[in-house]
Number of protein chains: 2
Amino acid sequence: MLELKGHTGDDLCRSMLERHADVISVQKPDVALKKLKIIISAALKLSNSKGFQAMSLRDLSKESGVSMGGLYAYFDSKTTLLNMILSEVTGAVDSVLGNPPPEVVSDPIEHLKWLIEAHIRLTEEMQPWFSFAFMEAKNFPAKERGRAVDSEALTESLFAEVTARAIADGRFRPGVTPLLPTMIKPLLQDWYVKRAKYRRRKVSVDDYIAAVQEMVLTTCLPVDQLSHPAAG
Amino acid sequence: MLELKGHTGDDLCRSMLERHADVISVQKPDVALKKLKIIISAALKLSNSKGFQAMSLRDLSKESGVSMGGLYAYFDSKTTLLNMILSEVTGAVDSVLGNPPPEVVSDPIEHLKWLIEAHIRLTEEMQPWFSFAFMEAKNFPAKERGRAVDSEALTESLFAEVTARAIADGRFRPGVTPLLPTMIKPLLQDWYVKRAKYRRRKVSVDDYIAAVQEMVLTTCLPVDQLSHPAAG
DNA sequence: ACTTGTCAAGCGAGCGTTCGTTCTATAAAT
DNA sequence: ATTTATAGAACGAACGCTCGCTTGACAAGT
C-alpha cells in the first residue's frame with residue numbers, strides 16, 4: 001500500500017516555521033513549534049466549521065488560548081495566516097503528485113491509478129488543510145484565490161497528461177469522453193469535502209480509492225479488459 | 001429534450017414575493033417585482049464572487065442602486081435575505097426532481113438517466129442560485145446550513161432509491177460499488193460549481209449530461225449492454 | 001384647471017457593536 | 001541585566017440595522 005511521508009501536522013508546522021521565519025517573531029524553535037501547532041489546529045477547526053472570513057481573531061484567540069497580541073507573533077495579518085496554510089497545501093500537492101514512483105510512470109494506466117490513490121491518501125492525511133484551501137478559496141482575497149485555483153489546475157493537468165498518454169498509446173476504449181480527466185477531480189475532492197459523511201457510513205479510504213479507480217477505469221478501458229469485481 | 005419550466009429569475013422572484021409577503025413592505029406588485037429582481041441578482045453576483053457573509057449590505061446597496069433603507073423594505077435581516085434565496089433553491093429541487101414524468105418511473109435505468117439530466121438542466125438554469133445555496137452553505141448560520149444539508153441529502157436519497165430499485169430488478173452488473181449513488185452527486189455538482197471552466201472550454205450542457213450518463217451507466221450496467229459511443 | 005392632502009416608497013446619516021490591528025506594560029527566561 | 005514572550009486595553013474602520021426626513025404619484029376639494 002502506498003505510503004506518504006512528511007505530512008503530519010507536526011511536519012507541516014515545522015515547514016511553516018522555516019518558510020515564514022521572517023514574519024514569525026518567536027525565536028525559540030521548540031516554543032514556536034508547540035504554539036504554532038496549537039494556533040494552526042485551532043484556525044483549521046474554526047475555519048472549517050464557520051469559514052475563514054467569519055472566524056474572528058478573537059475566536060481564534062479564545063480557541064487556542066493565545067492572546068491577541070500573542071497571535072501576532074506568528075503572523076503579521078490575517079491574510080498572512082491564510083497564506084501560511086495555503087502554502088503548505090499547494091506545496092504538498094506539488095511534491096507528492098508531481099513525483100510519481102518510477103515504476104508507475106512508464107504505464108499510463110498504472111500512473112492513473114497511482115494518481116487517484118495518492119491524491120486520496122494525501123487529502124486523507126491533510127483533510128482539514130484541504131478543506132480549508134479549496135472549500136474556503138472562493139472567499140479568499142483575489143491573489144490567494146488565484147493560488148488555490150492554480151493548484152487545482154495543476155492537479156487536473158496531471159490527469160489530463162496521463163489520460164492523453166493512455167489514449168496515444170491506444171490503451172483506452174475509442175470514443176471515451178474527452179471530459180474524463182475533468183470529471184475525475186470532483187470525485188477525488190468529495191473525499192475531503194464530505195469526509196464526515198463517509199466516516200458516518202464507515203467507508204474506509206481503501207474502499208473509496210477502489211471505488212473511484214473502478215469507476216474511472218470502467219469508463220475508459222476497452223470492454224474486453226474489464227474485470228467485474230474491483231480489479232486487483 | 002427535457003424542458004423545465006418556471007425557474008427563470010422572474011419566476012423565482014415572483015415566488016419569493018408570495019412566500020415572504022409578510023416581511024416585504026412594498027405593496028405595489030409590479031414595483032416590488034422589478035426591484036426585487038435587481039436586489040436578488042445583485043446579491044447573487046456579490047455573494048458568488050466574495051461570499052455571502054463577506055458581502056456587506058453597503059456593497060449590496062451600491063451594486064443594486066437601492067439605499068440601505070430601501071433594502072430593508074424587502075427583508076428584515078440579512079439572514080432573512082439568505083433564507084429567501086435558499087427557499088427558492090430547495091423548493092425547485094423538491095418540485096423538479098421529486099416529480100419525474102410517469103414514463104420514466106417504471107424503468108429504473110430511464111429514471112436514473114432522467115434524474116441526471118433533470119439535475120444538470122435545473123442547475124444550469126439556476127446556476128447562481130445553486131452556487132449560492134450549496135457553495136456558501138458552510139458559512140451559513142446553523143439553522144440555514146441545516147436546510148442546505150437536508151436538501152442535498154434528499155437529492156442523494158433519490159439516487160439511492162433508484163439505484164436500489166435497479167439492483168433489485170437485476171438491471172445492474174453484480175458487484176457494482178455500493179458507493180455509486182454517493183459518487184453521482186459530486187459529478188452533478190461540478191456543473192454549477194465549476195460552471196466558468198466548462199464555459200471556457202466550450203462544453204455544452206448536452207455534452208456534460210451525456211458524459212455523466214455515460215460514466216454512470218458504464219460503471220453499473222452489465223458489460224454486454226455497453227454500447228461504446230455514448231448510448232442513445 | 002389648480003391646489004392641497006395623503007401615504008407608499010426611498011433615502012442616508014447615525015446607532016451600538018465588532019472587526020483587524022497596534023501598543024504598552026508585565027512576566028519569564030537566559 | 002537584557003532579551004524574549006505574553007497579555008489585554010485601546011484604536012479607527014466597517015459592520016448590520018434603524019429612523020426621521022424627503023420625494024412623488026394620485027385623489028379630493030375648490
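Within every chain, numbering begins at 1; the chains are lettered A, B, ... in the order of the sequence lines, protein sequences first and strands thereafter.
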Value in whole Å for how far the P atom of D:dG16 lies from CG of B:L82: 13 Å

Ionic contact status for A:D30 with A:K34, cut-off 4.0 Å: no

Between A:K194 and B:E152, is a salt bridge (Lys or Arg N to Asp or Glu O under 4.0 Å) present by the stated rule, with each step listed? CA-CA 12 Å; A:K194 303 280 173 57; B:E152 285 208 60; 3.5 Å; yes

Within the side chain of B:K78, is there an N or O that forms a donor-acceptor pair under 3.5 Å with the backbone of B:Q53? yes

Close residues, residues 27-50 of chain A, relative to DNA chain D [heavy-atom separation under 4.0 Å]: A:Q27, A:K28, A:K35

Mark yes when over 12 heavy atoms from residues, nucleotides or ligands other than A:K45 sit less than 6.0 Å from its NZ; otherwise mark no. no

Quick check against the 3.5 Å criterion: does A:S64 have a side-chain atom that pairs as donor or acceptor with the backbone of A:L60? yes

So which of residues 54-76 of chain B are in contact with DNA chain D, with a heavy-atom cut-off of under 4.0 Å? B:M55, B:S56, B:L57, B:R58, B:M68, B:G69, B:Y72

Nearest whole Å is fine: how far is D:dC15 P from B:F52 CZ? 14 Å

Measuring only between side-chain heavy atoms, which start at C-beta, is B:V216 closer than 4.5 Å to B:L112? yes

Sequence neighbours excluded, every pair satisfying ring-ring contact (aromatic ring centres under 6.0 Å, His included) that has a member inside residues 36-70 of chain A: A:F52-A:F132

Tell me whether B:N99 contacts the main-chain N or O of B:V96 through its side chain, where contact means a donor paired with an acceptor under 3.5 Å. no

